[in-house]
Number of protein chains: 2
Amino acid sequence: MDDTPRRKAATLQTLADALGVHRSTVARALNPEERHRITPELVQRVMEEAERQGYRRDIIAASLRTGKSRLVGVVLPDLANPVFSTILDGVSVTLTGHSYSMLVAGSGGPSDKQSEIVDTLVGRRVDGLILATAMRDDPTVSCCMRLKVPTVLVNRAEDKMRVPSVVPADHIGMGLAVDYLAGLGHRRISHIGGPEEVSTGCLRRQGFQDAMTAAGLDGSRIISAKSYDREAGAAAARQIFARWPDTTAIAAGNDLLALGALDYMRAAGIDCPKQVSLTGFNDMPFIDLVDPALSTVRVPQFDMGKAAAEMLLAAIADPDSAPQVQRHPVTLITRQSCARVGV
Amino acid sequence: MDDTPRRKAATLQTLADALGVHRSTVARALNPEERHRITPELVQRVMEEAERQGYRRDIIAASLRTGKSRLVGVVLPDLANPVFSTILDGVSVTLTGHSYSMLVAGSGGPSDKQSEIVDTLVGRRVDGLILATAMRDDPTVSCCMRLKVPTVLVNRAEDKMRVPSVVPADHIGMGLAVDYLAGLGHRRISHIGGPEEVSTGCLRRQGFQDAMTAAGLDGSRIISAKSYDREAGAAAARQIFARWPDTTAIAAGNDLLALGALDYMRAAGIDCPKQVSLTGFNDMPFIDLVDPALSTVRVPQFDMGKAAAEMLLAAIADPDSAPQVQRHPVTLITRQSCARVGV
DNA sequence: GAAGATTGTGCGAACGATTGCACAAACATA
DNA sequence: TATGTTTGTGCAATCGTTCGCACAATCTTC
């Protein structure tokens, strides 16, 4: 004598039984696309009964039947990095707005593990993939293409644009930084580059070289870091000052590397910005609070996340459209880490 | 005449056909739990054929049949906040280690939207839920309990512990901060509290009051912020200096609020730490870099994320175990934002 | 050597939604 | 009135796995 009989969760069949119609009719009444084929009055009754029984469409069952899951996989190189969580935020907003859900995987590891991650995601029947981990020539991307799962790259792109990508204007951005430093009178500018295997590392380095050349300066003072983190930045800074002690400015490949350089300079007793000016790249959250506040190139991470999600949705809708790369504009943010040379 | 006949993706049936056995036999051979019932030699052949056909178990179909998805939903209040992405990182590590996947939803909005999020997640048949959004008495938690989906709370807990939770030692932590400030000679200490509706806000405020009382000081100088962000922190700081202009130290409810206070003090020409000392809570990433480097109470976010995931796994395995709350130890990190009073 | 226990496979019904096809009824046209 | 044409529903197969049950063959044990 339980007053809440705990009915076993409503299904199309239970609704159909209660209404004395066939379950397929119920399904159609509930589906906005099909609804017009059903008598409006019946639709009404179905809706009411669904409400009463607390019916919830079983996405799993629907997925099995249709092969579509309204699920997308997002692979990030590093969950702990605010740059990527901001991108994720943007992706999330767009996706939930289109009633998609987001399967998130932080790779954390090397690329062999990545294919595994993609495998898992694809095994879960994701409708598409957003990768923030791409290398300039990425086997994981090949894998996605082979599997024919719609994929878009964000932040980092491949050299040959095989899939849609949303990236910052890396080359231009680094040019902005160099021009700014040169404008402050700096002539001996060094660059801490990101990893060569990823587009951001490569493009920003090229941007550095080109802008230096254009300014009539020596663009060969470059140390490339193994990874985008503070330790690598510090190590690179050490090498820079060992090889080019007369360096008056450093343009770093991203904010984390700049932070590392700052660590090193602080330890080495080099004053920033008095003795050496420093720029970063990304304008990641809270970077404006460091001491000295870092001048950097702002990348619209949130917007890029949103754009990537939109692009993926488009790719899912039309899998055969030609891949395009969307380059988002960047802006120079000047703060306290740069000073006019020699004052 | 395609040399890659693009077979329609391998299933148990295609393997069974190729081997001349029944599909259930193949399933058992592939399942480590059942494998012992099958002739080893046949297991071998099945494995080889699976390899050859590139068989991948269809999790969707399996989920439909079993009602289990090896999927957990994670709901965060704010993707952009590094504190939560660090927790997420921890959750991710543990979960992927147990071959679970992670459905991430950033609520972003009010709690009515939250039930919707939980609905979506549950509709996707998640095996469990991790909520970092809980209020002290949370309707969403009620919803989860009604739905009988295993749930654990992280960072924030409910007052009555209806579900397992992993939280920092908020009360103790704030005591650490107060004792430290008192030890530096401060007597007129104010508190910027977090929102009263969440446990962190409430417990830290109580910790503040209790520690102040224990130190024989006036613990009533409290302004509670509406939300955990920089703007709210700045607004609260403004009020504090308006009402208690003789304040020499501020213990903030978290780092973001402390940052806001710093913003205000900077704008108001109040020197930190010379005139006013300041502590935060969380020790969020990069907070050590602000100027002045913030003294704060370190919360092991990553570990808490891992612990929450482990707890959820346990709750999934044994849904009827009694809910426990796991309180993680916190430590005081002293940096440059505090000074001895009156020097 | 008969009765029972064990072992290895096969069988087929779920799980719940989707969808092409069929079919009756109502309606339009000639 | 006979012949189309809609329109609204029902029917049943399908997606790929899982798992209780059945059954034959082989192995014990007294």
Side-chain angles (χ1 to χ4, degrees), chain A residues 7-47 49-50 53-71 99 120 122-127, chain B residues 7-47 49-50 53-71 99 120 122-127:
Chain A
R7 36 178 182 276
K8 294 303 298 175
T11 71
L12 288 180
Q13 190 65 62
T14 65
L15 295 186
D17 291 348
L19 293 166
V21 297
H22 195 265
R23 62 176 182 282
S24 63
T25 306
V26 176
R28 287 192 264 253
L30 256 20
N31 180 345
E33 308 283 309
E34 296 278 330
R35 184 168 301 161
H36 64 279
R37 333 185 99 254
I38 305 294
T39 317
E41 185 261 349
L42 178 52
V43 170
Q44 181 64 25
R45 283 173 54 217
V46 168
M47 306 272 276
E49 185 61 24
Q53 292 197 23
Y55 171 77
R56 308 195 49 66
R57 177 165 163 279
D58 188 319
I59 308 191
I60 297 283
S63 294
L64 176 59
R65 177 60 223 258
T66 62
K68 262 67 192 74
S69 60
R70 290 194 92 76
L71 209 55
S99 53
T120 309
V122 172
R124 290 201 180 268
R125 289 284 168 86
V126 292
D127 290 346
Chain B
R7 39 179 178 275
K8 295 303 297 174
T11 72
L12 288 179
Q13 190 65 60
T14 65
L15 294 186
D17 291 348
L19 293 166
V21 297
H22 195 267
R23 64 177 181 284
S24 62
T25 305
V26 176
R28 287 192 264 255
L30 256 19
N31 180 346
E33 309 282 310
E34 296 279 329
R35 183 169 303 160
H36 65 279
R37 335 185 96 254
I38 305 294
T39 318
E41 184 262 348
L42 178 53
V43 171
Q44 181 63 26
R45 283 173 53 216
V46 169
M47 306 272 276
E49 184 62 25
Q53 292 197 22
Y55 170 76
R56 309 193 46 66
R57 174 163 165 281
D58 188 318
I59 308 192
I60 297 283
S63 294
L64 177 59
R65 178 61 225 257
T66 62
K68 264 67 193 70
S69 59
R70 291 194 90 76
L71 210 55
S99 53
T120 310
V122 172
R124 291 200 180 269
R125 288 282 168 87
V126 292
D127 291 345

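Residue numbers start from 1 in every chain, and the chains themselves are labelled A, B, ... in the order their sequence lines are given, proteins ahead of strands.
Checking C/dG8, C/dG10, D/dG10 against every side-chain atom of B/H22, the shortest atom distance belongs to C/dG10. Considering only the side chain of A/I38, D/dT9 comes nearest among C/dT19, D/dT9, D/dC19. Closest approach to the A/T25 side chain among D/dG10, D/dT17, C/dA17 is made by D/dG10 (side chain taken as heavy atoms from C-beta onward).
Contact annotation: the side chain of A/T14 approaches that of A/Q53 to within less than 4.5 Å [non-hydrogen atoms, C-beta and beyond]. A/V46 has its side chain within reach of A/L19: a pair of non-hydrogen atoms, C-beta onward, lies under 4.5 Å apart. Two residues are said to be in side-chain contact when any heavy atoms from C-beta on lie closer than 4.5 Å; B/I59 and A/R125 fail this criterion.
Residue contacts for A/R28: at a heavy-atom cut-off of 4.0 Å it reaches a base atom on one of the strands shown. At a threshold of 4.0 angstrom between heavy atoms, the contacts of B/L42 are confined to the sugar-phosphate backbone, with no base atom among them. Within the 4.0 angstrom heavy-atom criterion, base atoms lie near B/R23.
One finds the CG atom of A/L12 at 7.0 Å from the CG atom of A/L30 (value rounded to the nearest 0.5 Å).
A/L19 has its CG atom 18 Å from the P atom of D/dG8, to the nearest Å. In this structure, the CG atom of A/D17 is 12 Å from the P atom of D/dG10, given to the nearest Å. Nucleotide D/dT6 holds its C1' atom 12 Å from the NE2 atom of A/H36, rounded to whole Å. Atom P of nucleotide C/dG8 and atom CG of B/L30 are separated by 17 Å, given to the nearest angstrom. Atoms CG (A/L64) and C1' (D/dA13) sit 13 Å apart, rounded to a whole Å. Look at CZ on B/R125: it is 8 Å from C1' on C/dG16, rounded to the nearest Å. When the P atom of D/dT7 is taken as reference, atom CD of A/E41 falls 19 Å away, rounded to whole Å. A/R37 has its CZ atom 9 Å from the P atom of D/dT7, to the nearest Å.
Environment of CZ in B/R35: crowded, with over 12 heavy atoms of neighbouring residues, nucleotides or ligands closer than 6.0 Å.
A donor-acceptor contact under 3.5 angstrom links the side-chain atoms of A/S24 to the base of D/dC11.
In this model, the phosphate group of D/dT9 is approached by a side-chain N or O of A/T39 to a distance below 4.0 Å at OP1 or OP2.
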